[in-house]
Amino acid sequence: MSSKRILIVDDEESILKLIKYNLEKAGFDTITASDGEKALAIASEEKLSLVILDLMLPGMDGIDVCKTLRQNKVKVPIIMVTAKDDEFDKVLGLELGADDYLTKPFSPRELLARVKAILRRVEDNQQDNNNDDNNETISIGELSINTATYEVVYNNETIELTPKEFELLRVLATNKGRVISRDQLLNTVWDYDFVGDTRIVDVHVSHLREKIEEDPKNPKYIKTVRGIGYKLDHKV
């Protein structure tokens, strides 16, 4: 039985029961909330491995919950669930710190695949941090990335990144100067295939640029290689 505890947040009782049943069947411990306020209270009191967060909630919606969690430095991975097939909602959720999104209706199999992929990445990162060979600082221009402490410093200022933003930056930094395709980034950072939906990579790159580039529209570090992907480089 897994010790991983997952918070499920949805105001539809049938959805809560469906997700709870399938996660517990797969060996996860679960806790549920039907509104945003309760979700925040649970997240502040419980040791969570993951949050599955519905976008449309009564009162405080999923976007506000996600934003508040990140503002409070709660770095637990978040999967945003939306009934809308609306790119704006997905992009906004990702920009506020969600790690992934699912559009209703979704299959239990797809949900479990997403959950396991995210948790596997978290475990891999923890193992990397315990490996002295990986406990190093990567310096590129004014950018410093400590892979042991997850600390990123730019122009002598510490930059706050979400877990996925850090992983994306680390992959690009450890492959400095090399072009990494969007599909490769999906596979490496998210550990599964989004069936060609590479928008999630573009959103995270855009958010990273807002944090580490003086002029995000004319980046000096994260360069776009048109039609392929991205590379991290810095040339004075």
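Worth saying up front: this structure is predicted, and the values here are computed from it rather than measured.
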With a 4.5 Å limit on heavy-atom distance, are the side chains of Ile145 and Thr137 in contact? no
Strictly below 4.0 Å, N to O, side chains only: are Lys211 and Glu160 in salt-bridge contact? no
Listed by chain and number, what are the side-chain hydrogen bond (donor to acceptor under 3.5 Å, both in side chains) partners of Thr224, not counting sequence neighbours? Arg209
Could you go through Val152 and Asn146, starting from their C-alpha distance and side-chain angles, then the distance that decides it, and tell me whether this counts as side chain to side chain contact (heavy atoms under 4.5 Å, CB included)? CA-CA 6 Å; Val152 176; Asn146 190 310; over 6 Å; no
Only counting residues at least two apart or in another chain, list the ones meeting side-chain hydrogen bond (donor to acceptor under 3.5 Å, both in side chains) with Ser139. none
So, do Asp61 and Met56 sit near enough that their side-chain heavy atoms are less than 4.5 Å apart? no
What residue pairs, at least two apart or across chains, pass ring-ring contact (aromatic ring centres under 6.0 Å, His included) with a residue in residues 152-186? Tyr150-Phe166, Tyr154-Tyr221
Do Leu23 and Thr30 come close enough that some side-chain heavy atom pair is under 4.5 Å? yes
Check: Ile78 and Leu53 side chains under 4.5 Å, non-hydrogen atoms: yes
Hey, what else clusters with Tyr21 if you join Ile, Leu, Val, Met, Phe, Trp, Tyr whenever side-chain heavy atoms sit under 4.5 Å? none
OG on Ser34 to CG on Asp54, rounded to 0.5 Å: 11.5 Å
Atom CG of residue position Asp215 - does it have more than 12 heavy atoms of other residues, nucleotides or ligands inside 6.0 Å? yes
Once salt bridge (Lys or Arg N to Asp or Glu O under 4.0 Å) is applied, do any residues pair with Glu12, and if so which ones, sequence neighbours excluded? Lys104
Between Glu213 (side chain only) and Ile222 (backbone N and O only), is there a donor and an acceptor less than 3.5 Å apart? yes
What verdict does the side chain to side chain contact (heavy atoms under 4.5 Å, CB included) test give for Leu143 and Leu169, after you've listed the backbone C-alpha separation in whole Å, the side-chain angles of each residue and the deciding distance to 0.1 Å? CA-CA 11 Å; Leu143 188 64; Leu169 181 60; 4.2 Å; yes
For Pro58 and Asp11, the nearest pair of non-hydrogen atoms, with its separation, is CD-CB, 3.6 Å
From Ile19 atom CD1 to Asn22 atom CG, the distance as rounded to the nearest 0.5 Å: 8.5 Å
Would you say that Leu185 contacts Tyr230 through its side chain, given a criterion of any heavy-atom pair below 4.5 Å between the two side chains? yes
Taking the side chain as C-beta and beyond, is there a heavy-atom pair between Ile140 and Leu232 under 4.5 Å? yes
Would you check if Glu151 and Val153 make a side-chain contact, meaning some heavy-atom pair closer than 4.5 Å? yes
Taken to the nearest 0.5 Å, the spacing of Thr162 OG1 from His204 NE2 works out to 5.0 Å
Any donor-acceptor pair under 3.5 Å linking the side chain of Asn155 with the backbone of Glu157? no
List the residues meeting salt bridge (Lys or Arg N to Asp or Glu O under 4.0 Å) with Arg182, not counting sequence neighbours, and say none if there are none. Asp202
Leu55 side chain reached by Tyr101 side chain, heavy atoms, under 4.5 Å: no
Show me the side-chain donor-acceptor pairs of residues 37-52 shorter than 3.5 Å, one per line, residues at least two apart or across chains.
residue : atom : partner : partner atom : Å
Ser44   : OG   : Leu40   : O            : 3.4
Ser44   : OG   : Ala41   : O            : 2.8
Glu46   : OE1  : Arg5    : NH1          : 2.6

Only pairs under 3.5 Å count here: list side-chain donor-acceptor contacts from residues 171-179, not counting sequence neighbours, and write none if there are none.
residue : atom : partner : partner atom : Å
Thr174  : OG1  : Arg170  : O            : 2.9
Thr174  : OG1  : Val171  : O            : 3.1
Asn175  : OD1  : Arg178  : NH1          : 2.8
Asn175  : ND2  : Val171  : O            : 2.8

For Thr32, check side-chain hydrogen bond (donor to acceptor under 3.5 Å, both in side chains) against everything at least two apart and list the hits. none
Between atom CD1 of Ile31 and atom CD1 of Ile8, what is the distance when rounded to the nearest 0.5 Å? 10.0 Å
With sequence neighbours left out, write down each residue that passes salt bridge (Lys or Arg N to Asp or Glu O under 4.0 Å) with Glu110, or none if nothing qualifies. Arg114
What pairs with Lys17 under salt bridge (Lys or Arg N to Asp or Glu O under 4.0 Å), at least two apart in sequence or on another chain? none
Are the side chain of Glu167 and the backbone N or O of Lys164 linked by a donor-acceptor pair below 3.5 Å? no
Minimum heavy-atom distance Leu168-Val189, with the two atoms named: CA-CG2, 4.0 Å
Any pair with a residue in residues 64-74 that passes side chain to side chain donor-acceptor pair (under 3.5 Å), sequence neighbours left out, goes on the list, sorted by first then second residue, please. Arg70-Asp99
Show, in sequence, the C-alpha distance, side-chain angles and deciding distance for Leu186 and Asp183, and conclude whether the side chain to side chain contact (heavy atoms under 4.5 Å, CB included) test is met. CA-CA 5 Å; Leu186 280 174; Asp183 286 335; 4.2 Å; yes
Trace of the side chain to side chain contact (heavy atoms under 4.5 Å, CB included) decision for Ile63 with Met80: CA-CA 9 Å; Ile63 292 293; Met80 188 76 76; 4.1 Å; yes
